[in-house]
Amino acid sequence: MLKEVDEESALNIHKNNLKRVIRALEFYKNTGEKISTHNEEQSQNISPYNFVYFVLNDKRELLYERINKRVDIMIKQGLIEEVKNILEKYNKFPTALQGLGYKEVVDYLNGIYTKEEMIEKIKMETRRYAKRQLTWFRKNKQTTWLEGTNEIQNNVNIILEVSNIERRKQNN
């Protein structure tokens, strides 16, 4: 169906990515415009805001170690019980439970994973998500990288310097 109304989107969106396929079809049905055309137009827009992303970066091994520890803490602090409570409260599967960590717990509760498999799956998916985030920021021109191993004051100085440069650009 998507190929019939927006061939470019059909080529760019994987056929198994149902959310994006449905979104593209809904957009066309509601507006009469191809979402690929809309997205291209939107990408040409210049933001009226002067902004910079400051991204704290660390060595990959350290980042993954921190992710693994964070997942262990989430499990200890009651993630499984939280998901059980949400499932009891709602009759249907809330969209929020499709988020990172929650869907793996649901699968565990449904007997698809053992507890250990669930924990490893959450860690793996979180590491993949972090990698995608870093890739997105690398492609973004407004990104200023801060090193996690720097002294805090070094990163503060970088933030202040970049902020001052951006402020001067805005005033010119």
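Since the model is a prediction, treat every value here as computed from it, not as a measurement.
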Between CD on residue Q133 and CZ on residue F137, distance to nearest 0.5 Å: 6.5 Å
Does a donor on one side chain and an acceptor on the other come within less than 3.5 Å for E120 and Y113? no
Working note: E65 + R60, criterion side chain to side chain contact (heavy atoms under 4.5 Å, CB included); need CA distance, chi angles, decisive distance, verdict. CA-CA 9 Å; E65 183 182 317; R60 181 85 35 111; over 6 Å; no
Given side chains that start at C-beta, do those of E33 and E41 come closer than 4.5 Å, heavy atoms only? yes
Just wondering, do T114 and Y108 contact through their side chains at under 4.5 Å, heavy atoms? no
Between N157 and E161, a side-chain donor and acceptor under 3.5 Å: no
Under a 4.5 Å side-chain heavy-atom rule over Ile, Leu, Val, Met, Phe, Trp and Tyr, are I159 and I165 clustered together? no
Rounding to 0.5 Å, atoms CZ (R20) and CD1 (I13) come to a distance of 4.5 Å
Aromatic ring proximity, centroids under 6.0 angstrom, W136 and Y53: yes
Taking a hydrophobic cluster as the set of Ile, Leu, Val, Met, Phe, Trp and Tyr residues connected by side-chain heavy atoms closer than 4.5 Å, whether directly or through intermediates, do Y129 and M74 fall within one such cluster? no
Does K123 reach the side chain of R70, with side-chain heavy atoms less than 4.5 Å apart? no
Exam field: side chain N155 to backbone E147, donor-acceptor pair closer than 3.5 Å: yes
Are the side chain of D6 and the backbone of I35 linked by a donor-acceptor contact shorter than 3.5 Å? yes
Apply side chain to side chain donor-acceptor pair (under 3.5 Å) to residues Q42 and N39 and explain how you reach the verdict. CA-CA 5 Å; Q42 291 300 309; N39 289 343; over 6 Å; no
From M118 atom CE to E104 atom CD, the distance as rounded to the nearest 0.5 Å: 9.0 Å
Between D58 and R66, is the side chain to side chain contact (heavy atoms under 4.5 Å, CB included) condition met? List the steps. CA-CA 10 Å; D58 249 325; R66 292 180 70 197; 3.8 Å; yes
Take I158 and W145 through the test side chain to side chain contact (heavy atoms under 4.5 Å, CB included) and record every step on the way to the result. CA-CA 9 Å; I158 292 168; W145 292 92; over 6 Å; no
Quick check on R138: does its CZ atom have over 12 non-hydrogen neighbours (other residues, nucleotides or ligands) under 6.0 Å away? yes
Of the non-hydrogen atoms in A24 and L2, which two are nearest, and what is the gap between them? CB-CD1, 3.7 Å
For E4, does the CD atom sit with more than 12 other heavy atoms under 6.0 Å from it, leaving out its own atoms? no
Non-hydrogen side-chain atoms of V162 and F54 separated by less than 4.5 Å: yes
Side chains of E8 and T37 in contact at under 4.5 Å (non-hydrogen atoms): no
So for atom CG, which belongs to L160, do other residues, nucleotides or ligands contribute more than 12 heavy atoms lying within a distance under 6.0 Å? yes
Test: K121 and E117 ion pair at under 4.0 Å: no
Look at the side-chain heavy atoms of Ile, Leu, Val, Met, Phe, Trp and Tyr, link any pair under 4.5 Å apart, and say whether L109 and Y90 land in one connected group. yes
Cluster overlap M124 with L62, hydrophobic side-chain contacts below 4.5 Å: no
Should the pair K84-E88 be classified as a salt bridge under the 4.0 Å nitrogen-to-oxygen rule? no
Starting at NZ of K34, measure out to CD of E7 and round the result to the nearest 0.5 Å. 8.0 Å
Please report the C-alpha distance between K131 and Y64 in whole Å, then the side-chain angles of each, then the deciding distance to 0.1 Å, and finally whether the side chain to side chain contact (heavy atoms under 4.5 Å, CB included) criterion is met. CA-CA 10 Å; K131 187 176 178 184; Y64 287 0; 4.2 Å; yes
Rounded to the nearest 0.5 Å, how far apart are CG of L63 and CD of E61? 9.5 Å
Can you tell me which residue among N68, I75, L79 is in a side chain to side chain contact (heavy atoms under 4.5 Å, CB included) with I119? I75
Please say yes or no: joined through hydrophobic side-chain contacts below 4.5 Å, possibly via intermediate residues, are I67 and L100 part of one cluster? no
Looking at E151, I want to see if its CD is surrounded by more than 12 non-hydrogen atoms of other residues, nucleotides or ligands under 6.0 Å. no
Between R23 and E26, is there a side-chain N and carboxylate O pair less than 4.0 Å apart? no
Heavy-atom side-chain contact between L146 and V55 under 4.5 Å: no
Between E125 and R128, is any pair of side-chain heavy atoms under 4.5 Å apart? yes
Are any side-chain N or O atoms of N110 and backbone N or O atoms of I112, one a donor and one an acceptor, separated by less than 3.5 Å? no
Note, F27 side chain near S36 side chain (heavy atom, < 4.5 Å): no
Supply the atom-to-atom distance K103 NZ to I122 CD1, rounded to the nearest 0.5 angstrom. 10.5 Å
